[in-house]
Structures are given as structure tokens and as C-alpha cells.
Engineer: 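One structure coming up, written as C-alpha cells, with questions to follow.
Because only heavy atoms are used, hydrogens play no part in the values below, and waters and symmetry mates are left out as well, while side chains stay in. Note that ligands are numbered from 1 as they come in the structure, with each ligand's atoms numbered from 1 the same way. Numbers for residues simply follow the sequence, beginning at 1. Remember, predicted model here, so these are calculated numbers, not experimental data.
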Amino acid sequence: MPLITADEIRQVIRNVPDFPQPGIQFKDITPLLADARLFAGSIELLTAGFEPGDVDAVVGIDARGFIFAAAAAYRLRAGFVPVRKKGKLPYLTHEQTYNLEYGTNTIAIHIDAIQPGARVLLMDDLLATGGTAAAAAELVRKVGGQILEIAFLIELTHLQGRTRLSGHSVRALVAY
Ligand code: AMP
């Protein structure tokens with residue numbers, strides 16, 4: 001039995017209008033993180049169906065994805081791998097550039113972060129247009145990882161991010 005319901009998660013996610021810029025409804029997850037029961041329960045739900053031994057690495061996306069991916073990796077006794085913004089990782093990297101509404105963004109992974117054939121869960125806090133997760137999935141592919149699932153706490157369904165992730169199993173705990 002899960003410890004919590006998706007509705008309880010939804011109730012604590014705070015909507016902050018016009019942050020970081022006008023027109024954006026920012027989904028603030030800090031009240032969820034601060035609640036011991038809801039934080040633990042959301043990790044249970046993000047990893048439900050997987051047990052220790054099923055997954056080799058949980059890949060988290062900079063920066064809020066790290067919080068969930070690291071806790072999920074601990075629960076599944078898997079490794080944790082960061083996908084970071086360009087220029088932050090110290091060793092040799094693969095990079096992937098994708099389009100934002102205005103301009104582009106580049107993310108990176110260490111070339112040896114994942115063993116070829118490793119079973120990977122990819123995680124972030126929120127699925128919006130799917131550009132970030134699609135680029136991260138491409139980085140996992142470049143290092144030879146095999147994505148079992150892409151998991152998010154939140155999905156903004158009107159942006160249809162799942163269409164950018166077609167071919168992957170996608171999980172989101174709450175949708176708006
Ligand atoms: P996208 O590439 O459009 O799917 O955007 C996803 C990334 O941007 C995630 O790493 C989110 O943390 C962040 N993000 C996008 N929109 C929001 C939002 N409304 N509230 C909070 N974070 C967001």
C-alpha cells in the first residue's frame with residue numbers, strides 16, 4: 001500500500017504566479033519536500049513497481065530532479081547519476097542542446113557515468129514541454145544506458161510533453 005495519495009501531493013504543491021517571469025505558473029515543491037511523510041511517500045510512488053536489483057542507475061536532471069533521483073536511487077540500491085547544465089561537470093562529457101521558448105539550453109553527462117546496457121530510471125520534478133527530458137534521454141542513449149521509465153512528480157498536460165518522449169514509458173504522480 002502506498003503511504004500517501006496523489007491528491008495529498010497535489011494539495012501541498014504551491015502555485016506561484018509570474019515566477020521566474022511574467023506568465024509562468026511556477027510549481028513550488030518545497031512544501032512537499034519539507035513534509036517527511038509526503039516526501040517519503042512520493043519517493044515510494046515514483047519507484048513503485050521497481051525493487052532493489054531491478055535498476056542500475058537513477059539519472060536526475062539539474063537541479064530539482066537530483067532531490068528525487070537521489071532518494072529513489074537510495075531506495076532501489078541503485079547508483080545516482082547527475083545530468084547537469086553545461087560547464088558544471090568536471091570530467092569529459094557528452095552534451096545535448098535543445099530549444100527553449102527563447103534561445104537554447106545545453107545539458108551534459110559524464111562519458112563514463114553509465115555502463116553500456118545499464119538499466120536506467122530518468123527522473124525530474126516536472127514535465128512541461130518535454131524538451132529537457134528528451135535531451136536527457138538522448139544523453140543516456142549516448143552513454144549506452146537503457147531507459148526503463150521516465151518519472152516526474154508533476155506533469156503539465158496542456159504542453160503535451162509526452163509526445164516528445166514517445167517510445168518511453170512515462171510516469172507522473174500528479175497532472176495539471
Ligand atoms: P520542459 O523542458 O519544458 O519540459 O521543462 C522542464 C524543466 O523546467 C524541469 O526541469 C522543471 O523543473 C522546469 N519547469 C518548467 N516549467 C515549470 C513550472 N511551471 N514550474 C516549475 N518548474 C518548471
Engineer: Would you check if I109 and V81 make a side-chain contact, meaning some heavy-atom pair closer than 4.5 Å?
Structural biologist: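 In contact.
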Engineer: For each nitrogen or oxygen atom of ligand 1, which protein N/O atoms lie closer than 3.5 Å, and how far apart are they, rounded to 0.1 Å?
Structural biologist:
unit_1   : atom_1 : unit_2 : atom_2 : d
ligand 1 : 2 (O)  : G131   : N      : 3.4
ligand 1 : 2 (O)  : T132   : N      : 2.9
ligand 1 : 2 (O)  : T132   : OG1    : 2.5
ligand 1 : 3 (O)  : T129   : N      : 2.8
ligand 1 : 3 (O)  : T129   : OG1    : 2.5
ligand 1 : 4 (O)  : A128   : N      : 2.9
ligand 1 : 4 (O)  : T129   : N      : 3.0
ligand 1 : 4 (O)  : G130   : N      : 2.7
ligand 1 : 10 (O) : D124   : OD2    : 2.7
ligand 1 : 12 (O) : R64    : NH2    : 2.8
ligand 1 : 12 (O) : D125   : OD1    : 2.7
ligand 1 : 12 (O) : D125   : OD2    : 3.4
ligand 1 : 19 (N) : Q25    : O      : 2.9
ligand 1 : 20 (N) : K27    : N      : 3.0
ligand 1 : 22 (N) : R64    : NH2    : 3.2

Engineer: Would you list the pairs meeting side chain to side chain donor-acceptor pair (under 3.5 Å) in which at least one residue belongs to residues 29-38, sequence neighbours left out?
Structural biologist: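 Qualifying pairs, neighbours excluded: E8-R37, D28-T30.
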Engineer: Given the rule that I, L, V, M, F, W and Y join up when any side-chain heavy atoms are under 4.5 Å apart, are I13 and L159 in one cluster?
Structural biologist: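 In one cluster with I13: L159, yes.
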Engineer: Are the side chains of L153 and F68 in contact, using a 4.5 Å heavy-atom criterion?
Structural biologist: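 Yes, close enough: below the 4.5 Å cut-off.
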Engineer: Which pairs, with at least one residue in residues 109-123 and sequence neighbours excluded, count as a side chain to side chain donor-acceptor pair (under 3.5 Å)?
Structural biologist: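 Pairs touching residues 109-123 that pass the test: D56-R119.
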Engineer: Going by side chain to side chain donor-acceptor pair (under 3.5 Å), name the residues that satisfy it together with T157, two or more places apart in sequence or in a different chain.
Structural biologist: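 For T157 there are no side chain to side chain donor-acceptor pair (under 3.5 Å) partners, ignoring immediate neighbours.
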